[in-house]
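Hydrogens, waters and symmetry mates play no part in the numbers below; they use all other heavy atoms, side chains included.
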Amino acid sequence: MEAPVAFAYTAYAQSRAWLTPFFLILMGTVTTSTSRLCGSHIPKIYCVNWLMGKLACSSSVANIAVPAFNYTFYFGHCTFVCWSYIYMVRTCLKSKENRSKFMQTCVPHLFSLIVVVGSLLFDLLYMRFGSKELTQGVQNLMAMEFLLVPPIVNPLIYGFKLTQIRNRIQNVMCSKN
């Protein structure tokens with residue numbers, strides 16, 4: 001009887017993990033698509049709802065409330081993740097075995113999370129406060145940073161955990177020296 005309950009809970013948790021961001025993105029997309037636009041220049045390679053909202057002829061409550069709700073929701077998620085890591089670190093400091101397990105499993109995830117959040121914050125802050133004096137090529141490169149850095153760094157982080165990959169990289173690096 002426990003296996004179906006565990007499966008049902010897992011399916012429920014997975015559906016929430018997909019449906020919540022889908023709903024938040026859908027709210028922003030519907031809000032943006034119903035706005036009348038007075039301009040057509042988007043200063044990024046890809047479309048962002050916030051930039052589309054800036055092109056709207058008039059500001060509506062939905063154009064202000066939906067992004068504020070999204071930012072608040074994701075800030076709450078980030079706060080919960082930070083609180084969880086603080087709790088895990090405090091718990092793992094009590095024994096040497098737990099510290100070792102934490103270093104093997106949680107540190108790569110934490111580093112990966114820091115890379116993603118750092119890239120996201122850089123993109124958001126640059127989008128709002130970035131210099132208009134940079135050339136379009138540099139602006140495009142900075143916009144692509146969020147799309148390129150985390151997917152490149154994640155396999156490296158988790159790949160270094162695997163002994164075979166780590167040994168192969170060490171052999172290549174040592175043979176060049």
Closest non-hydrogen contact found for P155 with P151 is CD-O, 2.9 Å
Nearest-0.5 Å distance, OH of residue Y74 to OG1 of residue T20: 8.0 Å
Once rounded to the nearest 0.5 Å, what's the spacing between atom CD1 of I152 and atom CG of L147? 10.5 Å
Which value, rounded to the nearest 0.5 Å, describes the distance between L55 atom CG and T32 atom OG1? 10.0 Å
I need the minimum non-hydrogen distance between E145 and S119, along with the two atoms involved. OE2-OG, 3.0 Å
Is there a chain of hydrophobic side chains (I, L, V, M, F, W, Y, each step under 4.5 Å between heavy atoms) that links F23 to L19? no
Fit a plane to each ring of W83 and Y87, take the angle between them on a 0 to 90° scale, and name the class: parallel (under 30°), tilted (30 to 60°) or perpendicular (over 60°). parallel
Grab the two heavy atoms, one from F73 and one from L24, that are nearest each other, plus how far apart they are. CD2-CD1, 3.2 Å
How long is the span from the CZ atom in F146 to the CG atom in L121, to the nearest 0.5 Å? 10.0 Å
If two hydrophobic side chains count as joined below 4.5 Å and joins carry through other members, does I25 share a cluster with L120? no
Taken to the nearest 0.5 Å, the spacing of L113 CG from C78 SG works out to 7.0 Å
For M27 and N70 the tightest heavy-atom approach is CE-OD1, 4.0 Å
Here the gap from L93 atom CG to M88 atom CE, rounded to the nearest 0.5 Å, amounts to 12.0 Å
Main-chain N/O of P108 paired to S112 side chain as donor or acceptor, under 3.5 Å: no
For F111, does the CZ atom sit with more than 12 other heavy atoms under 6.0 Å from it, leaving out its own atoms? no
Between S33 and V30, is there a donor-acceptor pair closer than 3.5 Å when you use the side chain of the first and the backbone of the second? yes
For T34 and T31, work out which heavy atoms get closest and say how close. OG1-O, 3.0 Å
Once the angle between the rings of F102 and Y85 is folded into 0 to 90°, is it parallel (under 30°), tilted (30 to 60°) or perpendicular (over 60°)? perpendicular
V115 with L141, same ILVMFWY side-chain cluster at under 4.5 Å: no
